[in-house]
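To keep things clear, I will list the structure first and then write my remarks on it.
Below, read A as the first sequence line, B as the second, and so on, with proteins coming before strands; counting in each chain starts at 1.
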Protein chains: 2
Amino acid sequence: MDRVTLNDVALRARVSLATVSRALNQPALVRDSTVRRVREAAADLNFRPNLVGRNLRARTTRTLGVVLPTLTNTVFADCFQGIERATRLQHYSVMLTTTEYRVEDELAVTEELLRHRVDGLILTVASAAESPVLDMLDCEKMPYVLVYNQSPRPHRQTVSVDNRIAARDAVGHLISIGHRSIRMVTGDFRESDRAQLRYRGYRDAMRAAGLVPQPPVEVPLHTAVASGALAQCLRGRDPASALFCSNDLLAISVVSGLLRLGLHVPDDMSVVGFDGVDLGALLYPALATVVQPSRDIGESAVDTLLARLRGDVPGRSIVLGHSLRIGETAVRFARRPTSQVIRSPNRRK
Amino acid sequence: MDRVTLNDVALRARVSLATVSRALNQPALVRDSTVRRVREAAADLNFRPNLVGRNLRARTTRTLGVVLPTLTNTVFADCFQGIERATRLQHYSVMLTTTEYRVEDELAVTEELLRHRVDGLILTVASAAESPVLDMLDCEKMPYVLVYNQSPRPHRQTVSVDNRIAARDAVGHLISIGHRSIRMVTGDFRESDRAQLRYRGYRDAMRAAGLVPQPPVEVPLHTAVASGALAQCLRGRDPASALFCSNDLLAISVVSGLLRLGLHVPDDMSVVGFDGVDLGALLYPALATVVQPSRDIGESAVDTLLARLRGDVPGRSIVLGHSLRIGETAVRFARRPTSQVIRSPNRRK
DNA sequence: TACCATCCTGAAAACGTTTTCATCGGGCGA
DNA sequence: TCGCCCGATGAAAACGTTTTCAGGATGGTA
């Protein structure tokens, strides 16, 4: 057990406990020879400062709480890595919890972080507009920054891309390469206000081109996309030639589903995702998608939050730039063969 | 700010601070009517216990430290979710840090967790056999459990699958469906003792079938697999008909690389991964792979560690079962066409 | 020599809990 | 009635720091 405390070091260095503390943390206040003696004693004893004691006394933990929906989606994992990097650079620590998209857990896990007395929070909630957690945090004046979320209320500071415009750009791209019948595939809207904004962007782009936006195709998240849902896009008088998916995981799943139905991507159907996870670029065909800078989002959130903790005035939400990754799953629309045959999956010959 | 402490509650409930503490934590010791009064006062004041104070006094934080190489690989993300779930069930908290595969950081990030006085650690290190961090932890008698790693020293308790046997099974499967020339593709051996064990499993399987194991094809991790590395497997008098990859991310990347070279997977080349990430099953063709129960690994590690913290004797390492997911990227070997043409990528027609 | 400023150090309080120990009142057995 | 035990409560110590305050030594100046 490590029962060695400041006091033990003090005894060994033959100085008072206060001097040890100063020698280790503010060496300028202590005579050089003493500093050396203390450092030596500390090293000899293998002294490891107890942050619990420090935090109690300092009434500050230099720790940030992070609440994310999941880590399985690498978007959030990347963001967390950014958060971790930035906090470490600033000599802060992090406590992470995930809700696994259980909206009803958001409050409880956050409570727990507050019991630990984190100095501030970085979170992604289901909906920034209507959120019991955020109401609570506001009410307690606990500093926080949202990531990925965008909020109508300006005092809820966020770091994100402009989801609506980004989606509009993506769909606009599809339109610019000749697609006319485009549908959007999303997970459960209730889990993600981002998906809603992206849907608005889809509508914007369609309308701007004089096209009629279709209702979204909602599929259960994180499972193989039911071929039924896909078939739905292919049927009717005006079958889709392109699908815009509200995130990359979904898009990847959609591409596979189409291939499995015997369709060719992108020749029979173009697909565009949203997120820009690294994996998408590794696939063949490489996923066309909207890239958001997840790591930067994390780092920015930390910087913003720490600035606030230092007493800076809250400042405005931060919108980071997105970009389109052209990829190979989206291609110029070509009139499809008069009789669209559903071929068997692309086995050889 | 939440400056409301036990003392404030005590004043409002007109009892002593000690009674408040007892009423909230061990209500059996306090008269019912008092408990009610205290609870009411606490609720009125919005009292939130300060874990820093508690942890200092209790000399225990009910917090586990977790050190993982990365979260970008969903294997570890899944494991963490398991860890989180299990800890929450037991009313513990978690502090997570990642090393991003920088072996030289393992020690420093662990030190930081120890400063926070975590009660125990769950970690995946580059090599369990030779690890400064583990040496340090052993020396300080700090309880820990390894995940994914397997250690030759039995006192280093681990939770993992049997990597060697699992790899042998996977390669054995390839052999059983007719493959004779099989190579293994891995990332940097220095980053992962698992990869080394899996390579041994590969050799075991090859030798057991009277085949000659080939040296591993080492490729830089987490980047598009250089087509050069793949070409290497295709050249020579005895080109490979199947590739065994040391993890799924790599395998996915390899499959894409092959497709990009104009080969057909699995007809021209079978590919098998290791990990069993969910995503692999969603792809088309679905990735053939060895499935390890990542979530269970996380949960088991927590259970094991907590048992140890409760004073149970260390116990043996835990080996969880693996399984083969047949997938679509591995298929029975068929004599290849006499002249192997490298076709252009599978565009239509 | 007397005085003051400066530099260094130590004693002690404080952070918010839990827990030990002591106290008090009342019920119960003898 | 006395003595005891038990249940309920409070006072105070302890956990390991940081920081305030005060004091002692030293050196420079008048």
Original post:
Checking side-chain contact (heavy atoms from CB on, under 4.5 Å) for the pair B/V67/B/T99: CA distance, chi angles, key distance, verdict?
Top reply: CA-CA 7 Å; B/V67 179; B/T99 62; 3.9 Å; yes

Without decimals, in angstroms, what is the distance between [X] [atom1] and [N] [atom2]?
X      : N      : atom1 : atom2 : answer
A/R62  : D/dT17 : CZ    : C1'   : 15 Å
A/R54  : D/dT18 : CZ    : P     : 5 Å
B/R59  : C/dT17 : CZ    : C1'   : 14 Å
B/L6   : D/dA11 : CG    : P     : 15 Å
A/R3   : D/dT17 : CZ    : P     : 13 Å
B/N55  : C/dG16 : CG    : C1'   : 11 Å
A/D8   : D/dG16 : CG    : P     : 9 Å
A/H116 : C/dT17 : NE2   : P     : 14 Å

**OP:** Evaluate whether atom CZ of B/R102 has more than 12 neighbouring non-hydrogen atoms of other residues, nucleotides or ligands under 6.0 angstrom away.
**Re:** yes

**OP:** Could you tell me whether the phosphate oxygens of D/dG10, OP1 or OP2, come under 4.0 Å of any side-chain nitrogen or oxygen in B/T19?
**Re:** yes

Subject >> N/O (side chain, A/T5) to phosphate O (OP1/OP2, D/dG16) under 4.0 Å >> reply: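 Answer no for this pair, as no side-chain N or O of A/T5 is under 4.0 Å from OP1 or OP2.
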
Original post:
Between B/R37 and B/R14, which heavy-atom pair has the shortest distance, and what is it?
Top reply: NH2-O, 3.8 Å

**OP:** Locate the shortest heavy-atom distance separating B/S93 from A/M95; write the atom from each residue and the value.
**Re:** CB-CE, 3.9 Å

Base, sugar-phosphate, or nothing: which does [X] touch, judged by heavy atoms less than 4.0 Å apart?
X     : result
B/S21 : base
A/L51 : nothing
B/V52 : nothing
B/A18 : base

Does [X] contact [N] through a side-chain donor or acceptor facing the base, at a distance under 3.5 Å?
X      : N      : answer
A/R117 : C/dG16 : no
B/R57  : C/dT18 : yes
B/R22  : D/dG10 : yes

Result block: side-chain N/O donor-acceptor pairs under 3.5 angstrom for residues 129-139 of chain A, not counting sequence neighbours:
from: A/S131; atom 1: OG; to: A/L134; atom 2: N; distance (Å): 3.2
from: A/D135; atom 1: OD1; to: A/R156; atom 2: NH2; distance (Å): 2.7
from: A/D138; atom 1: OD1; to: A/Y144; atom 2: OH; distance (Å): 2.9
from: A/D138; atom 1: OD2; to: A/H155; atom 2: NE2; distance (Å): 3.1
from: A/D138; atom 1: OD2; to: A/R156; atom 2: NE; distance (Å): 3.2
from: A/D138; atom 1: OD2; to: A/R156; atom 2: NH2; distance (Å): 3.0

Subject >> salt bridge (Lys or Arg N to Asp or Glu O under 4.0 Å) between B/R295 and A/E100, worked out >> reply: CA-CA 13 Å; B/R295 248 190 119 92; A/E100 310 206 41; 3.2 Å; yes

**OP:** Pull out every residue in residues 25-38 of chain A that has a heavy atom closer than 4.0 Å to any atom of DNA chain D, ordered by number, or say none.
**Re:**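 Result for residues 25-38 of chain A: A/N25, A/Q26, sorted by number.
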
Original post:
Given axes from five pairs at either end, by how many degrees does the helix from C/dT1-D/dA30 to C/dA30-D/dT1 bend, rounded to 10°?
Top reply: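 One end's axis against the other's: 60°.
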
**OP:** Sort out for me which residue in B/D44, B/L45, B/L17 forms a side-chain contact (heavy atoms from CB on, under 4.5 Å) with B/V9.
**Re:**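 Exactly one candidate clears the test, B/L45.
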
